[in-house]
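Only one structure is covered here, and it is reproduced in the block below.
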Amino acid sequence: IVEDIAIAYGYENFKEEIEKDYNKIKASFQKEDNLKVAFQIADGIKEHQEVLREVFEFLIEAFKGKLRNDKKTPLVFHSIYLTRVLYLCGEKDLNSLLVAALHDVLEDTDISEEVLLKEDFMKNKEHIIEYLRVLKEDKTLSREPDGETLPPRYVEHIKRLVGASKEVINTEILDRFSDLMDLEYITELPEKERNFRLKSKVIKVRSFVNNITKNREDFNKKAFELFGSKVKELENKFNIKVNAPLITK
């Protein structure tokens with residue numbers, strides 16, 4: 001399933017090519033042995049294929065039995081594909097790829113920081129734990145939308161993300177892009193509920209990306225472009241107009 005990484009370059013519309021790649025690999029995770037698929041993806045990232053094989057094997061075990069909202073795609077697909085798309089956006093630094101791969105481990109699995117630090121791929125990478133802490137949402141706060149404002153959980157999270165390292169920012173941009181993929185669980189709702197949920201989703205993703213990239217230039221421009229193209233597509237298709245609030249610490 002892994003083709004030349006040039007799949008993401010030399011095309012007029014980067015977003016469409018990434019979406020084709022995304023859907024192809026998602027289908028593979030649904031139908032094939034996940035470890036086999038993950039190893040193929042790692043092998044496509046030739047600079048770091050051995051360490052990413054270790055990371056992806058760890059992730060498959062950590063997320064074992066967990067599914068995405070469609071109830072058929074393994075949840076681990078998200079973390080592994082986020083690593084791939086960051087690489088396709090031109091990021092080849094191992095620290096950046098590790099942050100993308102591990103970004104949901106502390107939030108969505110039973111893996112503790114102590115256990116994670118014992119993995120071979122974390123040797124001399126202890127600083128990554130701090131990045132993962134910043135990326136972890138505070139689940140004690142509400143994230144229930146009202147269609148107009150940003151829920152408390154996201155306000156608190158944005159405040160912690162503002163000023164974070166570029167590795168964290170790049171992962172967060174692509175995580176928000178991923179928020180806009182596979183929205184059938186929303187778009188198939190009755191129109192009123194659908195519009196409410198979509199508007200709330202756009203408020204969320206625009207608020208995150210607008211705030212964390214404000215007044216800085218070190219984030220990945222290809223990832224930012226990918227996010228921007230996807231959110232505009234959604235806004236135009238469903239006639240969504242929102243204002244993303246400016247969050248101050």
Side-chain angles (χ1 to χ4, degrees), residues 1-64 66 68 70 72-105 116 119-123 125 128 131-132 135 166-182 219-227 229-230:
I1 62 169
V2 177
E3 302 170 359
D4 190 324
I5 62 167
I7 185 173
Y9 298 93
Y11 292 94
E12 183 175 350
N13 198 320
F14 182 64
K15 179 180 71 67
E16 268 71 7
E17 295 306 319
I18 288 295
E19 287 181 336
K20 290 177 186 177
D21 188 59
Y22 177 95
N23 288 325
K24 182 178 179 181
I25 293 178
K26 181 178 73 171
S28 295
F29 268 92
Q30 292 172 355
K31 301 173 184 177
E32 301 176 25
D33 177 76
N34 283 185
L35 188 59
K36 175 185 174 183
V37 178
F39 279 2
Q40 288 177 321
I41 293 171
D43 291 348
I45 305 177
K46 298 189 182 302
E47 297 91 335
H48 308 296
Q49 65 185 95
E50 290 304 320
V51 66
L52 288 179
R53 274 180 166 238
E54 294 178 22
V55 173
F56 292 168
E57 186 170 9
F58 166 83
L59 289 173
I60 287 170
E61 184 61 30
F63 284 94
K64 189 174 182 179
K66 296 179 182 288
R68 287 169 61 79
D70 61 8
K72 60 182 179 180
T73 306
L75 186 58
V76 72
F77 159 72
H78 168 68
S79 296
I80 293 175
Y81 193 79
L82 200 71
T83 311
R84 174 173 167 82
V85 74
L86 181 61
Y87 184 70
L88 292 176
C89 285
E91 292 294 328
K92 296 184 173 62
D93 175 68
L94 180 57
N95 283 338
S96 295
L97 297 174
L98 285 175
V99 172
L102 299 169
H103 77 282
D104 274 342
V105 167
L116 182 57
E119 295 295 321
D120 288 344
F121 57 78
M122 289 295 290
K123 186 176 181 180
K125 301 287 184 184
I128 287 178
Y131 296 164
L132 301 183
L135 286 161
K166 65 180 181 179
E167 292 90 348
V168 169
I169 299 304
N170 290 336
T171 291
E172 192 65 30
I173 292 171
L174 290 175
D175 207 12
R176 297 313 137 205
F177 164 75
S178 296
D179 268 356
L180 304 178
M181 301 292 285
D182 306 320
F219 56 86
N220 185 284
K221 303 304 188 296
K222 205 70 179 177
F224 186 77
E225 172 190 318
L226 181 62
F227 166 80
S229 296
K230 186 62 180 177

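All values derive from a computational prediction rather than experimental measurement.
L102 has its side chain within reach of L59: a pair of non-hydrogen atoms, C-beta onward, lies under 4.5 Å apart. No side-chain heavy atom of V51 sits less than 4.5 Å from a side-chain heavy atom of L97. For the pair T171 and Y131, the minimum side-chain heavy-atom distance is 4.5 Å or more. Taking 4.5 Å as the limit, every side-chain heavy atom of E57 sits out of range of all side-chain heavy atoms of E61. Inter-residue side-chain proximity for K26 and D182 is flagged as met; some heavy-atom pair is nearer than 4.5 Å. Considering only heavy atoms from C-beta on, L52 stays 4.5 Å or farther from Y87 through its side chain.
In this structure, OG1 on T83 lies 8.5 Å from CD1 on I41, to the nearest 0.5 angstrom. In this structure, CZ in F58 is found 5.0 Å from CG in L116, a value given to the nearest 0.5 Å. The CD atom of E32 lies 6.5 Å from the CD atom of Q40; values are rounded to the nearest 0.5 Å. Put simply, CG on L86 and CZ on F177 are 12.5 Å apart, with the number rounded to the nearest 0.5 Å. Here the straight-line distance linking atom NZ of K36 with atom CZ of F29 works out to 12.5 Å at 0.5 Å rounding. Atom CZ of residue R84 and atom SG of residue C89 lie 11.0 Å apart, to the nearest 0.5 angstrom.
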Passes side chain to side chain contact (heavy atoms under 4.5 Å, CB included), L35 versus F56? Steps please. CA-CA 8 Å; L35 188 59; F56 292 168; 5.9 Å; no
Please report the C-alpha distance between L174 and L226 in whole Å, then the side-chain angles of each, then the deciding distance to 0.1 Å, and finally whether the side chain to side chain contact (heavy atoms under 4.5 Å, CB included) criterion is met. CA-CA 8 Å; L174 290 175; L226 181 62; 4.0 Å; yes
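Residues passing the salt bridge (Lys or Arg N to Asp or Glu O under 4.0 Å) test with R53 are D43, sequence neighbours excluded.
Between the side chains of N95 and E167, not a single donor N or O lies within less than 3.5 Å of an accepting N or O.
The pair E16-K20 fails the salt-bridge criterion, with no side-chain N (NZ, NE, NH1 or NH2) lying under 4.0 Å from an Asp/Glu carboxylate O.
Proximity of a side-chain donor or acceptor of N34 to a complementary backbone N or O of I60 within less than 3.5 Å is not detected. The closest donor-acceptor contact from the side chain of S28 to the backbone of K24 lies under 3.5 Å. In terms of modelled atom types and a separation under 3.5 Å, the side chain of N170 and the main chain of N220 share a donor-acceptor contact.
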Under 3.5 Å, sequence neighbours excluded: what are the donor-acceptor pairs made by side chains of residues 72-82?
residue: T73; atom: OG1; partner: Q30; partner atom: NE2; Å: 2.7
residue: T73; atom: OG1; partner: D70; partner atom: OD1; Å: 3.4
residue: T73; atom: OG1; partner: D70; partner atom: OD2; Å: 2.5
residue: H78; atom: NE2; partner: H103; partner atom: NE2; Å: 3.1
residue: H78; atom: NE2; partner: D175; partner atom: OD1; Å: 2.9
residue: Y81; atom: OH; partner: I18; partner atom: O; Å: 3.4
residue: Y81; atom: OH; partner: D21; partner atom: OD2; Å: 2.7
residue: Y81; atom: OH; partner: Y22; partner atom: N; Å: 3.4

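Cation-pi geometry between K221 and F219 is met: under 6.0 angstrom from the ring centre, within 45 degrees of the axis.
More than 12 heavy atoms of other residues, nucleotides or ligands lie within 6.0 Å of NZ in K15, so this atom counts as buried by the packing criterion.
Test D93, L135, L94 against V99 for side chain to side chain contact (heavy atoms under 4.5 Å, CB included) and you get one pass: L135.
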